[in-house]
Number of protein chains: 2
Amino acid sequence: MDARKRRILGTLIDDYIVSAEPVGSRTLAKKYGLGISSATIRNEMADLEELGFLEQPHTSAGRVPSDRGYRYYVDELMQRPQVGSDTVNRVRMVLAAPVREIAWFIHQTAQLVSDMTAYPSVVVAPPVNDARLGDIRVMQLNSGTLLLVVATDSGLVENRAVPLPEDMSFEQVVWLAQEFAREFRGMPIKELKDRILDPLASDEERYHGLWESLLGWMSDWRTNDDRVTLAGSLNILKYPEFRDVGKVERVLGFLEREQAVEQLLYAALPQSEQVHVIIGQESPFDAIWDCSVVTATYQLRGHIVGQVSVIGPKRMQYAHVVTTLEMVSEELSRALKWA
Amino acid sequence: MDARKRRILGTLIDDYIVSAEPVGSRTLAKKYGLGISSATIRNEMADLEELGFLEQPHTSAGRVPSDRGYRYYVDELMQRPQVGSDTVNRVRMVLAAPVREIAWFIHQTAQLVSDMTAYPSVVVAPPVNDARLGDIRVMQLNSGTLLLVVATDSGLVENRAVPLPEDMSFEQVVWLAQEFAREFRGMPIKELKDRILDPLASDEERYHGLWESLLGWMSDWRTNDDRVTLAGSLNILKYPEFRDVGKVERVLGFLEREQAVEQLLYAALPQSEQVHVIIGQESPFDAIWDCSVVTATYQLRGHIVGQVSVIGPKRMQYAHVVTTLEMVSEELSRALKWA
DNA sequence: ATTAGCACTCCTGCGGCTAGAGTGCTAACT
DNA sequence: AGTTAGCACTCTAGCCGCAGGAGTGCTAAT
């Protein structure tokens with residue numbers, strides 16, 4: 001893999017990323033001043049194909065990058081652009097807004113990223129399981145209905161309306177919730193749920209049915225659903241590789257399966273700082289074998305808690321996406337400093 | 001418009017709804033035992049075309065219903081099926097779940113409807129403006145951050161995290177929120193917001209900056225955004241009329257414009273009980289001229305507050321959709337009885 | 001090692017053609 | 001007078017073959 005081969009491969013991919021058409025030796029020689037003739041390029045391209053970096057849709061078409069070609073491009077060739085300060089400012093403007101619930105930041109980020117990259121974006125919120133119980137508040141929606149609001153120490157919030165038990169007054173419930181919060185504050189939600197499911201715990205029976213309601217509700221807290229926010233999914237319709245409705249259906253259908261998405265992006269977690277790229281068949285899910293996924297992680301209190309991610313055709317603007325995600329995830333971590 | 005013409009028109013539309021292909025006289029005569037020859041049907045179809053109920057894609061194709069044809073079908077011809085008790089039960093099972101926030105019901109309903117009809121579904125939540133201020137609670141997310149929870153009397157809930165003002169203690173904030181709630185409880189949110197925007201009100205300045213924060217936050221409450229929930233949008237990809245990505249983009253793009261959708265469905269409000277149908281070019285939005293929209297309303301405390309709706313190709317299963325929506329909206333109203 | 005030249009391959013697009021479906025009209029029938 | 005059989009006509013979808021073009025691989029010259 002000498003310098004010239006790298007140069008050719010890089011240029012070819014650059015061109016294919018914007019043109020979406022197989023690239024021929026002529027195009028490469030003419031359009032970009034490589035200083036070598038098309039014949040030489042042809043030879044090199046034949047080599048590159050043998051090495052597995054390029055593919056030919058058919059004999060007399062130009063070359064197209066293979067998964068492996070993209071991989072090499074992403075790992076070695078692509079040149080990351082500088083992120084414009086106006087872009088950074090835009091992100092900061094949005095995320096530096098008055099403090100909000102974490103869920104709000106997640107949504108904004110997804111929206112922002114899909115706007116900035118013109119690909120669909122997926123953002124995974126911090127898991128509830130790892131968080132600890134913060135506080136509980138009760139309010140009365142109307143005569144027969146209560147609203148319970150539970151917060152974790154990490155700023156995640158969940159509301160749930162419940163009927164007011166007939167044999168209890170509102171004040172009793174408030175007191176009960178206080179007791180509950182006092183007893184369990186600081187306990188990891190996961191542990192709390194485990195304990196709830198332990199039959200011994202319910203033996204006590206000391207606090208009426210509502211105590212159980214509270215416990216039952218906690219255990220019902222969807223901790224793994226609902227973590228995934230999708231934005232800009234329609235962006236995918238813009239790319240010619242998805243002119244076929246069947247493909248669109250497969251990809252968007254996949255993105256709606258939250259557990260699958262979460263599992264996919266889980267792969268990005270170990271690589272702490274690095275932005276993680278999944279190209280085509282590197283994915284365990286065949287529904288997105290025509291796609292690439294770029295993922296960055298963000299942090300809350302120094303721990304990685306979630307992912308910001310972009311999905312698009314394999315012919316993706318990797319350089320732009322990678323730098324954008326790096327920047328956004330950093331800004332998101334910063335914006336969550338308060339939490 | 002004699003009985004036979006009606007019969008023919010009805011059968012033709014029934015067939016077209018499932019086949020999606022222009023229907024010829026032969027098909028009609030053979031497949032359905034109409035007891036008349038194809039020649040007679042041809043004559044009748046020519047009449048029906050002259051009357052504006054049918055159209056011909058081209059000379060030697062079968063006939064296709066026109067917007068007017070569908071309209072007549074919906075108003076006069078279609079036979080509503082009985083809703084199976086198992087279907088009703090399924091809906092009740094979902095909606096009769098332990099009491100939740102209204103937003104939860106809206107989501108569930110949208111999901112349910114798109115599942116049951118296999119079309120995208122849109123549900124509009126009750127407007128915040130019409131509701132009255134219920135209660136406010138404050139909780140501490142962490143040392144520097146508060147969570148405000150505001151509920152309306154109609155069960156709508158909104159959370160907002162805010163920074164704790166430096167010169168106030170948590171207890172002071174709690175007290176302040178109580179005061180605020182006490183002073184304004186029962187006031188329509190709209191009025192509250194108007195009052196907030198009135199410069200005179202802020203003259204008082206009696207309760208520090210946080211009072212203003214509270215007011216400012218109230219005025220920031222998105223009352224008209226966020227009312228629209230979309231579910232099952234991918235369903236549209238299943239129908240051959242949307243095999244073209246451009247069309248999909250137009251329609252789904254439209255559905256993401258919440259204000260537009262709200263405005264469209266607003267047309268359904270006056271017709272209280274009735275299910276409302278918009279066919280093709282009857283819509284003021286040309287993005288959905290290839291579509292039909294069926295809308296039912298639901299109630300909260302005896303008032304119509306929102307819409308449950310389905311969008312699909314003009315060749316829609318009107319009978320099924322109309323009865324389904326009627327049933328679901330009724331069940332939704334019932335499920336919201338507690339609010 | 002590079003490059004010009006050339007024969008070869010394969011896709012794409014176009015025109016023409018045919019088969020099939022469906023119509024409208026006419027004439028016969030009840 | 002309404003209905004129906006028959007028939008000529010129309011229009012499309014699909015297929016074939018063909019030419020043009022793009023791109024390749026190979027060979028021979030530089």
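- Across the protein-nucleic acid pair, A/Arg4 atom CZ and C/dA1 atom C1' stand 8 Å apart, rounded to whole Å.
- The shortest side-chain heavy-atom distance between B/Val74 and B/Ile279 falls under the 4.5 Å cut-off.
- Checked against C/dA4, C/dT23, D/dG25, the side chain of A/Gln56 finds its nearest nucleotide in D/dG25.
- Going from atom CD of A/Glu50 over to atom P of D/dT24 covers 15 Å, rounded to whole Å.
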Could I get a table of every N or O pair under 3.5 Å where one atom is in the protein and the other is in nucleotides 28-30 of chain C?
none

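- Contact of B/Thr59 with D/dC11 (side chain to base): no donor-acceptor pair of N or O atoms is detected under 3.5 Å.
- A salt bridge does not link A/Lys314 to A/Glu241: none of the charged side-chain nitrogens sits closer than 4.0 Å to a carboxylate oxygen.
- Within 6.0 Å of CZ in B/Arg26 there are 12 or fewer heavy atoms belonging to other residues, nucleotides or ligands.
- A/Tyr32 and A/Asp15 form a side-chain donor-acceptor contact under 3.5 Å, judged by distance and modelled atom types alone.
- Rounded to whole Å, atom P of D/dG25 lies 16 Å from atom CZ of A/Arg26.
- Side-chain atoms of A/Thr27 do not come within 3.5 Å of backbone N or O of A/Val23 as any donor-acceptor pair.
- Atom NZ in A/Lys5 sits about 13 Å away from atom C1' in C/dT2, given to the nearest Å.
- Of the charged side-chain nitrogens involved, none lies within less than 4.0 Å of a carboxylate oxygen, so that A/Asp244 and B/Arg243 do not count as a salt-bridged pair.
- From one end of the helix from C/dA1-D/dT30 to C/dT30-D/dA1 to the other, with five pairs defining each end axis, the axis direction shifts by 20° (rounded to 10°).
- Contact between the side-chain N/O atoms of B/Arg63 and the OP1/OP2 oxygens of C/dT23 is found at a separation under 4.0 Å.
- Distances shown here put every side-chain N or O of A/Ser60 at or beyond 4.0 Å from the OP1 or OP2 atom of C/dT9.
- Looking at A/Arg6 and A/Tyr72, their side chains do bring a donor and an acceptor atom within 3.5 Å of each other.
- Contact check of residues 38-47 of chain B against DNA chain C (heavy atom, cut-off under 4.0 Å) returns B/Arg42, B/Met45.
- If you measure from atom NZ of A/Lys30 to atom C1' of C/dA4, you get 15 Å, rounded to the nearest angstrom.
- Ring pair A/Tyr119/A/Tyr239: centre-to-centre distance below 6.0 Å.
- The CG atom of B/Leu34 sits 11 Å away from the P atom of D/dT4 (whole-angstrom rounding).
- By the 4.5 Å heavy-atom criterion applied to side chains, B/Tyr70 and B/Ser292 are not counted as neighbours.
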task: Go through A/Leu48 and A/Met1 one step at a time and tell me if the side-chain contact (heavy atoms from CB on, under 4.5 Å) criterion holds.
output: CA-CA 9 Å; A/Leu48 285 168; A/Met1 213 45 193; 3.8 Å; yes

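- In this structure, A/Leu28 atom CG and C/dT3 atom P are separated by 14 Å, rounded to whole Å.
- Listed candidates were C/dG24, C/dT23, C/dT3. Nearest to the side chain of B/Ser25 is C/dT23.
- The NE2-P distance, from B/His58 to D/dT10, rounds to 15 Å in whole Å.
- Using a cut-off of 4.0 Å between Lys/Arg side-chain N and Asp/Glu carboxylate O, B/Asp67 and B/Arg71 are scored as not salt-bridged.
- With respect to the salt-bridge test (charged N to carboxylate O, under 4.0 angstrom), the residues B/Lys238 and A/Glu249 do not qualify.
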